Chemist: 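Here it is, the structure, as structure tokens.
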There are 2 protein chains.
Amino acid sequence: MTEQAGRRRDAAATQQALLDAAAKLFAERGFDRTTVRDIAGEAGVNQALLFRYFGSKEALFEAVIARDGREQLAGTPPERLFSASLRSMLAPEGPRNRTLETYLRSSGSDGAAAAIRQEIGEEYARVLATLTDAPDAELRADLALAWLMGIALVREVSGKEPLASADPDDICRLVVTATRTLLERTE
Amino acid sequence: MTEQAGRRRDAAATQQALLDAAAKLFAERGFDRTTVRDIAGEAGVNQALLFRYFGSKEALFEAVIARDGREQLAGTPPERLFSASLRSMLAPEGPRNRTLETYLRSSGSDGAAAAIRQEIGEEYARVLATLTDAPDAELRADLALAWLMGIALVREVSGKEPLASADPDDICRLVVTATRTLLERTE
DNA sequence: CTCGGTTGTAAGCAGCTGCTTACAACGCTA
DNA sequence: TAGCGTTGTAAGCAGCTGCTTACAACCGAG
């Protein structure tokens, strides 16, 4: 996790370590339940440096989202965004993108965290809305996004069975089938 | 909100006021973000009484769920539970049952709160699972429950538009239509 | 009236939170 | 090598958290 040997006095590496640690902990616990001491400890860094390099806990949160938030969004064609996001959230391991997980685990936070949450949600919904030509496309997109969030919530946060241990393929099949009535073109 | 005149020294009324205040605040802010001082203040009661009558903040949470949690579950036939819960969460006002709202706003909490969350989820899913005869009925029920939670999350917690201001009837129509492929009998 | 348990109050405890400050160690530049 | 800005450290601040304690006010029973 932390590199004790090798170079010390490396500001860039320290900032990276803080960003990585924060991204992990925010995704796992959300904004409120992650303390600056946790982040500094996970990064193997003195907590005062967090404030030197990022100014505040909220600014660190913004930096994490700015780095990871639009990655999947930009790199996925719209027609695959829904299933790709679903699979990304369901993937048990690997360097998955945990932005949506961060989003839902930080629900209820105020301030800058709330503003950023909203921004992410809007970007996802905007892309999903292009998938249908129904007049209420945005509402349908919100409902699809809501299902994504709900599945992540019940699976990851609540750990409810059988959903928590279900095969991502099975989940994907059921959900994509059901959302056909939501996100489809009539033309 | 609080009755200052009239009887004082009424243990039962004090406990009721604490339960009501706690139910409201837990639904609005979740477990973690609600402080015992908030609850006592909302109830117009000295905070020490909270501990005298309920022992701990977690025990108060359990008491709230025990009082309200199974109300809607017990009073609604299975085939209407999904749309009834959805409508109850979408209802803008009135004495709606806010158990599911409490559930999702308290996500991420540990301890007794987590155990109770799980219990509520299981009861809802068990009932929903009776609606289909598919072999993976429980998984389908979890996915339906997840959609409920996700809609509440995006609508109430994130306040995302257009979902937040959408007509409950429109939402219900779209969601119930989409879940037909999930929760239906083949026989 | 007096007693004694019940109800309500005020103050405070220890622990944690985000954040700040004063200072030491380092290493590049001159 | 001397100086100095950069990087890292340790300690601590004020505010909030759940919870406890010591005590006053009340009221029915004897």
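Note that the structure is a prediction, hence the values are computed from the model and not measured.
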Chemist: Check this for me: does any side-chain nitrogen of one of B:Asp136 and A:Arg173 sit under 4.0 Å from a carboxylate oxygen of the other?
Modeler: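 Looking at A:Arg173 together with B:Asp136, the answer is no, because their closest N to O distance does not fall below 4.0 Å.
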Chemist: It should be established whether B:Tyr53 places a side-chain nitrogen or oxygen under 4.0 Å from OP1 or OP2 of nucleotide C:dG8.
Modeler: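 Yes, B:Tyr53 has a side-chain N/O under 4.0 Å of OP1/OP2 on C:dG8.
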Chemist: For B:Leu50 and C:dG8, what is the distance between atoms CG and C1' respectively, to the nearest whole Å?
Modeler: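 Value for this atom pair: 14 Å.
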Chemist: Taking atom P of C:dG18 as reference, at what distance in whole Å does atom CG of A:Leu49 sit?
Modeler: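 From A:Leu49 CG to C:dG18 P: 16 Å.
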Chemist: Which of these passes side-chain contact (heavy atoms from CB on, under 4.5 Å) with A:Leu60: A:Ile65, A:Leu50, A:Val36, A:Thr34?
Modeler: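 Output: one option passes, namely A:Leu50.
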Chemist: Using atom types as modelled and distance alone, determine if a side-chain donor or acceptor of A:Trp147 lies under 3.5 Å from a backbone N or O of A:Thr179.
Modeler: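 Side chain of A:Trp147 to backbone of A:Thr179, a donor-acceptor pair under 3.5 Å: no, none is there.
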Chemist: May I ask you to decide if B:Val127's main-chain N or O and B:Glu123's side chain share a donor-acceptor pair within less than 3.5 Å?
Modeler: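 Absent.
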Chemist: Looking across every strand, which nucleic acid part, if any, lies under 4.0 Å from A:Phe54 by heavy atom: base, sugar-phosphate, or nothing?
Modeler: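 No contact.
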Chemist: For the pair made of CD in A:Gln15 and C1' in D:dG8, what is the distance, rounded to whole Å?
Modeler: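 Spelled out: CD on A:Gln15 to C1' on D:dG8 is 13 Å.
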Chemist: Can you tell me whether the side chain of B:Arg9 and the base of D:dC26 have a donor-acceptor pair closer than 3.5 Å?
Modeler: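 Looking at the base of D:dC26, it does pair with a donor or acceptor on the side chain of B:Arg9 (distance under 3.5 Å).
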Chemist: For A:Arg33 and C:dC16, give me the distance from atom CZ to atom P, rounded to whole Å.
Modeler: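 Result: 14 Å.
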Chemist: Just how far, in rounded Å, is C1' of C:dT17 from CZ of A:Phe51?
Modeler: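 These atoms are roughly 9 Å apart.
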Chemist: With a 4.0 Å cutoff (strictly under), does any side-chain N or O of A:Thr14 reach OP1 or OP2 of D:dG8?
Modeler: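 Affirmative; the distance criterion is met.
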Chemist: Starting from C1' on C:dG18, measure out to CZ on A:Arg52 and report it in whole angstrom.
Modeler: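 Atom-to-atom, A:Arg52 to C:dG18, this comes out as 17 Å.
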Chemist: Tell me whether the side-chain N/O atoms of A:Thr35 come closer than 4.0 Å to OP1 or OP2 in C:dC16.
Modeler: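 A:Thr35 to C:dC16 OP1/OP2: no side-chain N or O under 4.0 Å.
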